[in-house]
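The sequence lines fix the lettering, A, B, ..., with proteins before strands; numbering per chain opens at 1.
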Amino acid sequence: MSDFRLYNTLSRQVEPFAPADGTTVRMYTCGPTVYNPAHLGNFRTFLFEDLMRRVLALRGWTVRQVMNLTDVDDKIIKRALEQGKTISEVTEPVIVVFHRDREYLRIQAAEAYPRATDFIPQMIALVERLVSRGVAYQADDGSVYFAISRFPAYGRLSRLDTREIKAGARVLQDDYTKENAQDFALWKAAKPEDEATGAAWDSPWGRGRPGWHLECSAMAMDLLGETLDLHCGGIDLIFPHHEDEIAQSEAATGVPFARVWSHGAFLLTEGAKMAKRVGNVSTVQGLREARFSAAALRHFVFNTHYRKELNLSEEALEASRQAVRRVGDFAGRLRSDTALALGGTPELARVAEAAVVRAEAALFDDLNGPEALAALFDFIRQANAELDRRGGDRGSVERARAAFDRIDSILDIVPEREEADSAFAEWIEERIEARRVARGARDFAAADGIRGELTARGVTIEDSGGETRWKLG
RNA sequence: GGCGCCGUGGCCAAGUGGUAAGGCGGCAGACUGCAAAUCUGCUAUUCGUCGGUUCGAUUCCGACCGGCGCCUCCA
């Protein structure tokens, strides 16, 4: 079994990774804030995490992944207020959309999707713990803050000098409620809009709601224990979100919050970070309507290493669409009865198994998706050539199928075959038979006419090996 | 201003101190009645620029140019 290596944001190095108990990877992944459907930039991170969990499982570990759904925050409250709704009335439909998009992209379900609002007692308990330890305090405004001056390790993950202030940035001189400008809210005193939208709870510090960072610490520790094996998220979460999670968790428990931190890079559009506030987002729904398959989108994302920025463009998406079409054609060929009947060669099995070794080594080396894809495409080219030889060996075809399935069980980039309903399929078969007869009589004008009819209805035919196959699209 | 990332063929994109994976696209050929699919060959003497270290650098160091990100609630 190969070694598994992963880049750790804490050390800024690729290092060997294994779960603490040797069997189960306890993995926490920051999920979406559900006020608005997530865009492909968000999903790039979730796809990176999907690749992560599949590779961890391939390596032989059990994966216990938790992804939170942030269902209470400023933007949600703002939206609820605008629409005269409660926060749950805003978030419920968005959560439905999130899972629909997630499933479309073939992102495996995490073991748990906890919602912040279901963990208020755990969050309050965590704040109490911090207050009792003297690292949190209630300010004049009623909110409870974490005192970063009492957590010396603050800034270790982000490597930001805590004293640095953005040049030209206004310093809020009148912000006297906090002891230190960089102290962050653990518990926010309720405002009228919080009460109006159902975003306020009772607490030892009065009515209020949790600060953003608090939910992740409380839910992660409740569901996975005080020390996680792996904590993932988008690179923008390093500061302040993850830095603050570390501070509040470790100040409470005294033990490391996560052994390894892994962050995915951004998706850019038109050279700028894809973000709702920039207005350059592509939604999964939109891409779906543009007929980009899950397979194509997965290929597009995995063809760039997760730690490198990826620029979305129509041309690149189109290239991925063509690439997975090739994968799909090959999968269809390899899995066909004809392939088995014609058989393969010893070389077919050899290249197939070499591809598995190469792809797995790549994935175990800090999730090198592009290299794994290269292994797959080399395999496809070589295997097609071997299948052309019709070597008669069924066993090699079966071994090639197993190898292909093993690689694709991780990447999952075979496009869904469009199915024809039975009446349509019957008509297609009838037309192909008529064309066969015409070709037999060397009446090519008639045969081409029939092909034209099929093409007009979206059916592509392929004559190979003495038989005619068809596909939609 | 601080911290950090990136710059590889027409486009996308791996990679290594020892002489450039893969995909898309293009060109030519094979197969085919013609297509489609598939295969074969060609498509970067070169890895932003200029220096340095080295027997040797795309890979290490420095400077510069260009692009991007984070710096309090954004995956």
Side-chain angles (χ1 to χ4, degrees), chain A residues 12 29-33 38-49 70 73-75 155 158-169 181-185 188 211-213 232-241 243-244 263-268 271-278 299-300 303-305 307-311 313 315-327 329-330 332-333 358 362 368-378 380-389 439 442-445 447-448 451 455 460-465 468-471:
Chain A
R12 309 281 155 123
T29 48
C30 285
T33 298
H39 57 253
L40 193 65
N42 301 308
F43 274 106
R44 183 192 183 190
T45 298
F46 305 147
L47 280 164
F48 139 64
E49 291 157 352
T70 299
D73 106 308
D74 292 353
K75 290 189 288 286
S158 58
R159 304 199 174 180
L160 281 176
D161 187 322
T162 57
R163 294 160 307 158
E164 285 301 337
I165 304 283
K166 189 200 302 194
Q182 300 198 350
D183 287 353
F184 58 90
K188 297 179 160 183
W212 176 38
H213 317 299
C232 306
I235 195 167
D236 54 338
L237 296 183
I238 293 174
F239 190 88
H241 187 52
E243 196 68 76
D244 291 349
H263 294 95
F266 282 132
L267 176 68
L268 309 180
K273 171 183 173 179
M274 181 179 286
K276 289 164 191 165
R277 66 164 190 240
V278 180
H299 173 94
F300 171 69
N303 194 39
T304 296
H305 188 91
R307 284 194 285 113
K308 190 180 167 188
E309 283 173 352
L310 169 58
N311 213 329
S313 69
E315 202 177 357
L317 282 176
E318 195 54 49
S320 286
R321 185 188 340 241
Q322 291 307 118
V324 297
R325 185 194 49 69
R326 178 171 161 78
V327 174
D329 284 343
F330 174 71
R333 181 183 191 187
R358 182 178 163 200
N368 192 332
E371 170 67 13
L373 283 167
L376 178 65
F377 279 95
D378 272 335
I380 289 173
R381 192 190 65 254
Q382 294 169 316
N384 269 319
E386 292 306 316
L387 288 171
D388 284 348
R389 295 178 197 278
R439 290 178 77 210
R442 302 195 66 77
D443 183 355
F444 297 121
D448 289 350
R451 185 167 61 202
T455 304
T460 302
I461 58 178
E462 297 174 6
D463 300 321
S464 65
T468 299
R469 293 171 42 206
W470 60 270
K471 64 179 181 183

Looking across every strand, which nucleic acid part, if any, lies under 4.0 Å from [X] by heavy atom: base, sugar-phosphate, or nothing?
X	result
A/D74	nothing
A/N384	sugar-phosphate
A/I461	base
A/R358	sugar-phosphate
A/A275	nothing
A/D388	sugar-phosphate
A/K276	nothing
A/G264	nothing
A/L267	base
A/H305	sugar-phosphate

Respond yes when some side-chain nitrogen or oxygen of [X] is under 4.0 Å from OP1 or OP2 of [N], and no when none is.
X	N	value
A/R326	B/U38	yes
A/N368	B/G15	yes
A/K308	B/A14	yes
A/K471	B/A36	no
A/Q322	B/G25	yes

May I ask which nucleotide in the shown strands pairs with [N], Watson-Crick or G-U wobble, both distances under 3.5 Å?
N	value
B/C27	B/G41
B/G4	B/C68
B/C34	none

Of all the nucleotides listed ([options]), which has the minimum atom distance to the side chain of [X]?
X	options	value
A/E462	B/G69, B/A36, B/U72	B/A36
A/A319	B/G23, B/C12, B/C70	B/G23
A/D73	B/G33, B/C74, B/C68	B/C74
A/F184	B/C68, B/U72, B/C74	B/U72
A/A323	B/G23, B/G22, B/A75	B/G23

Whole-Å distance separating the [atom1] atom of [X] from the [atom2] atom of [N]:
X	N	atom1	atom2	result
A/D463	B/U38	CG	C1'	13 Å
A/R381	B/C24	CZ	P	11 Å
A/W212	B/C73	CH2	C1'	5 Å
A/F239	B/A75	CZ	P	16 Å
A/R159	B/C5	CZ	C1'	14 Å
A/R12	B/C6	CZ	C1'	16 Å
A/E243	B/C70	CD	P	17 Å
A/L376	B/A13	CG	P	19 Å

Legend entry - Residue mapping more 5' on RNA chain B - nearest nucleotide basis, A/S158 or A/H299: A/S158

Legend entry - Toward the 5' end of RNA chain B, by each residue's nearest nucleotide, A/G211 or A/S320: A/S320

Roughly how far apart, to the nearest Å, are [N] and [M] at atom [atom1]?
N	M	atom1	answer
B/C47	B/C60	P	15 Å
B/U38	B/C70	C1'	48 Å
B/A44	B/G7	C1'	16 Å
B/U46	B/C3	P	36 Å
B/A57	B/G1	C1'	34 Å
B/A14	B/U53	C1'	27 Å
B/A13	B/C6	C1'	13 Å
B/G62	B/U72	C1'	35 Å

Mark yes or no for a side-chain to base donor-acceptor pair under 3.5 Å between [X] and [N], with no hydrogen or angle criteria applied.
X	N	answer
A/D236	B/C71	no
A/R439	B/G33	yes
A/K188	B/C73	yes
A/R451	B/C34	yes

Inset, instruction - Give me the ring orientation class for A/H241 and A/W212: parallel if the planes are under 30° apart, tilted from 30 to 60°, perpendicular past 60°. - result: parallel

Legend entry - Derivation of the side chain to side chain donor-acceptor pair (under 3.5 Å) call for A/T468 and A/D463: CA-CA 4 Å; A/T468 299; A/D463 300 321; 2.8 Å; yes

Legend entry - Backbone of A/A38 reached by a side-chain donor or acceptor of A/N42 within 3.5 Å: no

Inset, instruction - State whether the side chain of A/E243 and the backbone N or O of A/G155 hold a donor-acceptor pair below 3.5 Å, judged by distance alone. - result: yes

So, are [X] and [Y] salt-bridged, with charged N and O less than 4.0 Å apart?
X	Y	result
A/E371	A/R358	yes
A/R326	A/D329	no
A/D448	A/R439	no

Legend entry - Pairwise side-chain contact, A/L310 with A/L268, heavy-atom cut-off 4.5 Å (strictly under): no

Legend entry - Neighbour count above 12 (heavy atom, 6.0 Å) for A/R12 CZ: yes

Inset, instruction - Answer yes or no as to whether B/G22 has its base stacked against A/F377, where stacking requires a ring-centre separation under 5.5 angstrom and planes under 30 degrees apart. - result: no

